[in-house]
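Have a look at the structure that comes next, please.
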Amino acid sequence: CISEDLTSVHNQGIIEENIAATCEFIHQRFIEKELLIKIVHFQLYSDELIELAVRGIPSMHACLEFLPELFLQQSYESKIFCMKLSAFLIYKYPIPSSLRLAKIALSHIEGNPISMSANLPSPVPLNSRLLKRFRMESLESLYLIVVAFPHLLSKVVEIIFSWGKQCAQYNQINQYR
């Protein structure tokens, strides 16, 4: 039993060392070729890696400069990715440029940005799985933004209440169908 615990701790240590080395390697590449950070993020990667990247790659703060541009991309995946990356960066770096980005992110979250995607009908129906998924995925981002900038709480509450009103109206309209 004890040897299994020691092995587990040892393996965890190796994993953490590998993660740190990988993050340092990526950081060095981003510093050597400044455009690389933008290219990588416009190509997207698994959103499961966003928190790890923000926590472990010091040069990720450079993303604050181009994320407003990434919000303008048409694909649903780009919008979700950008929202999550923005929120983690805003949380880690609560500075004036992050506040501007937080306001942009909130306007995109509030404005049903998935309806602007090129391959979707506009507006996206309230019962759409895509819209429900977008809103669920937005919750963590909204939380991180409020933790970084508590004065934005009223805007976040307004957004969530508007979602509730929209759902109630949808349910009331479709109750008799």
Are any non-hydrogen side-chain atoms of V156 and L106 less than 4.5 angstrom apart?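 With C-beta onward as the side chain, the pair touches.
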Minimum heavy-atom distance I95-F149, with the two atoms named: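 It is O-CZ, 3.6 Å.
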Euclidean distance, M83 CE relative to I104 CD1, rounded to 0.5 Å: 15.0 Å
Tell me whether F30 is reachable from I19 by hopping between hydrophobic residues (I, L, V, M, F, W, Y) whose side-chain heavy atoms are closer than 4.5 Å.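 Per the 4.5 Å side-chain linkage, I19 and F30 are co-clustered.
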Got more than 12 heavy atoms from elsewhere within 6.0 Å of OH, Y45? yes
Side-chain donor-acceptor contacts of residues 48-71 below 3.5 Å, not counting sequence neighbours, with atom names and distances?
residue	atom	partner	partner atom	Å
S59	OG	H27	ND1	3.0
E69	OE1	K38	NZ	2.9

Give, for atom CD1 of I90 and atom CD1 of I145, the distance between the pair rounded to the nearest 0.5 Å. 4.5 Å
If you measure only the distance, is there a donor-acceptor pair under 3.5 Å linking the side chains of Q28 and E32?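 Checked: Q28/E32 side chains show no N/O donor-acceptor pair below 3.5 Å.
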Rounded at 0.5 Å granularity, tell me how far CZ in F81 sits from NE2 in H41.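 F81 CZ to H41 NE2: 5.0 Å, rounded to 0.5 Å.
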Just jot down the side-chain hydrogen bond (donor to acceptor under 3.5 Å, both in side chains) partners of Y143, sequence neighbours excluded, or say none.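 Result, side-chain hydrogen bond (donor to acceptor under 3.5 Å, both in side chains) vs Y143: none returned.
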For a side-chain contact (heavy atoms from CB on, under 4.5 Å) check, start with the C-alpha distance between K155 and L142, then their side-chain angles and the critical distance, and finish with the verdict. CA-CA 10 Å; K155 182 64 177 174; L142 291 171; over 6 Å; no
Please list, chain by chain and in numerical order, all residues satisfying side-chain hydrogen bond (donor to acceptor under 3.5 Å, both in side chains) with R133, sequence neighbours excluded.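 Residues passing side-chain hydrogen bond (donor to acceptor under 3.5 Å, both in side chains) with R133: E137.
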Linked, directly or transitively: L72 and L89 (ILVMFWY side chains, under 4.5 Å):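 No, no single cluster joins them.
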Do S138 and W163 come within less than 4.5 Å of each other through their side chains, counting heavy atoms only? yes
Atom CG in L85, atom CD1 in I80: separation rounded to 0.5 Å?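 Atom-to-atom, L85:CG and I80:CD1 are 13.0 Å apart.
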E16: partners by side-chain hydrogen bond (donor to acceptor under 3.5 Å, both in side chains), with sequence neighbours left out: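 By the side-chain hydrogen bond (donor to acceptor under 3.5 Å, both in side chains) rule, E16 matches Q12.
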Would you compute the distance between atom NZ of K79 and atom OG of S86 and round it to the nearest 0.5 angstrom?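 Rounded to the nearest 0.5 Å, the NZ-OG separation comes out at 12.0 Å.
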Please name the pair of heavy atoms, one in S78 and one in S75, separated by the smallest distance, quoted to 0.1 Å.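 Heavy atoms only, the tightest pair is OG-OG, 2.7 Å.
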Show every side chain to side chain donor-acceptor pair (under 3.5 Å) that has at least one partner inside residues 91-104, sequence neighbours left out. none
Any chance you could pull the hydrophobic cluster mates of I31, using side-chain heavy atoms under 4.5 angstrom and chaining through other members? none
Roughly how far apart are E110 CD and I159 CD1, rounded to 0.5 Å?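 Output value for this atom pair is 5.0 Å.
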Transitively linked via ILVMFWY side-chain contacts under 4.5 Å: F161 with I109?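 Yes.
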Connected via hydrophobic side-chain network under 4.5 Å: M136 and F134: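 In one cluster with M136: F134, yes.
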